[in-house]
Amino acid sequence: MPHTIVIFGASGDLTKRKLVPALYQLHRKGRLPEETRVVGFSRTEFSHDQWREALTESTEKFAGKKFERETWDEFAKSIYYHPGDIGNRDDFVTLSEFLDELEGKVESERVYYLSTAPRFYGPAAEMLGAVGLSMENNGPRRIVIEKPFGTDGESASKLNDVVHSVFNEQQVYRIDHYLGKETVQNLMILRFANSIFEPIWNRNYIDHVQITVAEEVDIGSRAGYYETSGIIRDMFQNHILQLLMITAMEAPIRYAADPVRDEKVKVLHAVRPMTEEMLTADTFRGQYDGYLNEKDVASDSQTATFAAMKLWIDNWRWQGVPFYLRSGKAMSCRTTQIVIQFREPPHMLFDSCKTRRCESNRLVIQVQPAEGIQMHFQTKVPDAGMRMRQTDLDFRYDREFHGVMPEAYERLLLDALEGDASLFARADEVEAAWAICDPILNHWATKSQPPVYTYERGFWGPMESTEWMRETGREWFDTCPVLQ
Ligand SMILES: NC(=O)C1=CN([C@@H]2O[C@H](COP(=O)(O)OP(=O)(O)OC[C@H]3O[C@@H](n4cnc5c(N)ncnc54)[C@H](OP(=O)(O)O)[C@@H]3O)[C@@H](O)[C@H]2O)C=CC1
Ligand SMILES: O=C1O[C@H](COP(=O)(O)O)[C@@H](O)[C@H](O)[C@H]1O
């Protein structure tokens, strides 16, 4: 069946930087369903050719070495543009006519991709409904919604209501691009396609888990967005909680959208609600030095560019195992890693570990940029009595597999076109994620707010965060991955 993807926000940054380059890569690799057409919609008055030209330039820039002119020209023939305003019903009527004409009224699968400012998500869905574009009488209709999905639980729930007034949940694909990353999907493979990890993946063997998403970049020119967002809305409510869910979930009964999402949501429901004491003791925020001088940032801004927190998951598998989550801008290096820190051996035979503390086993899942997995364990130092040192088994994607890692959007766009929602967030999932974040945001907004610790750019967040962790008798795994 032919496919049409309609991108709302066609002249925007995400479209040119990620969406169209990803669609082009899928075409280049021969993965796009046959007869896939791309239709852009935004207010800028482009003709089809003008939009194609603009995309040629940007795709060449963003696809880099993978750009092949001939292949692109072939792909560009299936790109079209329809100017319009999301607030104008007539523009949706003409869009509908244009799509019918393009598809020749043949049964086709359609994906509507909302890549506009979040305030347009609800109105765009309503307009699609108002002119009958959500009706599935001539093929499946799906809607993809970019992040952020709401700014708190209440707004997310309202947005869900609006979207559900037009589309049923099976038609709705809420994007979290972290789920499109190969290494995040590999975490499910690691856990559920191997038999050696699952038996020890629990409170009996694991002391704690650390999830770090550190970015070297600062907020750049995004102050307008970031000042109202901050690190919790930007990274925790979505990407970090997704990593937490996949790390902590039970095995789904099969790999399909609902069984996977059922298990993920159970994790969020099992996260212990934070009391006032916990909010004070177990959440931590920081701001990089110089943030207040960024263009469009208020001089007394309290916006957090760094946060750390300790969560507990109250279920049989994880009772008593703290999950430490942290993320920040302008940190030491770009690294997303999940550290599974195992318990110490119950009894130490060797003197070298009696006089000093030896590190216990650790599994480090490098989500990016040095994609891979390392297992750390003690090894005997040769010719040195019974001295030992931490060494590792090191799996690296770049050594094992040739070719570059695909962009997350490639996988997600293809899944949306093919109707597989496994790697998209469900309505209850986003609302449950907000239920964890809202109390933190509210606590930070009150008078009794915790301090905003300043940190130097290029550090692992505020020094106090290191102290905060040390007080629990543990250490952050502050290691930048080695790129080869
Ligand atoms: N950029 C990124 O890296 C990321 C973006 N996102 C999300 O994706 C979404 C898009 O982001 P981004 O591309 O950066 O945003 P931009 O501001 O660059 O683009 C917004 C787009 O919306 C269009 N638009 C604005 N008003 C209307 C209207 N009334 N009717 C029709 N179209 C309209 C604009 O075109 P025109 O003015 O021509 O109408 C433009 O194409 C946002 O929700 C963002 O949060 C998520 C992750 C990363
Ligand atoms: O959604 C977002 O993610 C990026 C980080 O994504 P990554 O794939 O580069 O890890 C972050 O920089 C941005 O602030 C946030 O909006």
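Bear in mind the structure is a predicted one, so any value in this text is a computation, not a measurement. Both counts, for ligands and for their atoms, begin at 1 and track the order of listing.
For ligand 2, the atoms sitting less than 4.0 Å from at least one non-hydrogen atom of Lys181 are 7 (P), 8 (O), 10 (O), numbered in the order shown with element in parentheses. Annotation for ligand 2: atoms under 4.0 Å from non-hydrogen atoms of Lys329 are 11 (C), 12 (O), 13 (C), 14 (O). Close approach of ligand 2 to Tyr178 (heavy-atom distance below 4.0 Å) involves ligand atoms 6 (O), 7 (P), 8 (O), 10 (O). Numbered from 1 in the order shown, with element, the atoms of ligand 2 that lie under 4.0 Å from a heavy atom of Lys147 read 1 (O), 2 (C), 15 (C), 16 (O). For ligand 2, the atoms closer than 4.0 angstrom to any heavy atom of Gln368 are 7 (P), 10 (O). Residue contact check: Arg334 has heavy atoms under 4.0 Å from atoms 9 (O) of ligand 2.
Ring geometry for His82 versus Phe41: interplanar angle under 30°, hence parallel rather than tilted (30 to 60°). Ring geometry for Trp72 against Phe67 counts as tilted: the plane angle lies between 30° and 60°, on a 0 to 90° scale. Ring geometry for Tyr409 against Tyr113 counts as tilted: the plane angle lies between 30° and 60°, on a 0 to 90° scale.
Salt bridge present: Glu68 and Arg28 bring a charged side-chain N and a carboxylate O closer than 4.0 Å. Note on Arg334 versus Glu215: no salt bridge recorded, every NZ/NE/NH1/NH2 to OD/OE distance being 4.0 Å or above.
Scanning both residues, Gln287 and Val452, for their nearest heavy atoms gives CB-CG1, 3.6 Å. Taking both residues in full, the closest heavy atoms of Ser115 and Thr15 are given as OG-OG1, 3.9 Å, listed atom of the first, atom of the second, then distance.
When hydrogens are left out, the protein atom nearest atom 13 (C) of ligand 2 is Arg222 NH1, 3.3 Å; that is the closest non-hydrogen contact. Regarding atom 5 (C) of ligand 2, its nearest protein heavy-atom neighbour is Glu215 OE2, 3.6 Å. Nearest protein heavy-atom contact of atom 16 (O) of ligand 2 is Asp234 OD1, 2.6 Å. The protein heavy-atom contact nearest to atom 6 (O) of ligand 2 is His177 NE2, 3.2 Å.
In this structure, the side chains of Lys16 and Lys61 stay at 4.5 Å or more apart for every pair of heavy atoms.
Side-chain rings of Phe401 and Tyr397 approach one another, their centers coming within less than 6.0 Å. Centroid-to-centroid, the aromatic rings of Tyr80 and His48 come within less than 6.0 Å.
Partner of Thr305 under the side-chain hydrogen bond (donor to acceptor under 3.5 Å, both in side chains) criterion, out of Tyr291, Tyr288, Tyr455: Tyr455 alone.
Contacts classified as salt bridge (Lys or Arg N to Asp or Glu O under 4.0 Å) and involving residues 82-95 (residues at least two apart or in different chains) are not found.
Around ligand 1 you find Gly9, Ala10, Ser11, Gly12, Asp13, Leu14, Arg17, Ser42, Arg43, Thr44, Gly84, Asp85, Ile86, Ser115, Thr116, Pro118, Phe120, Tyr121, Glu146, Lys147, Pro148, each with a heavy-atom distance below 4.0 Å.
Proximity of Tyr226 to ligand 2, defined as any heavy-atom pair under 4.0 Å, is not found for any part of the residue.
Here's the thing with Thr336: none of its N/O atoms is less than 3.5 angstrom from an N/O atom of ligand 2.
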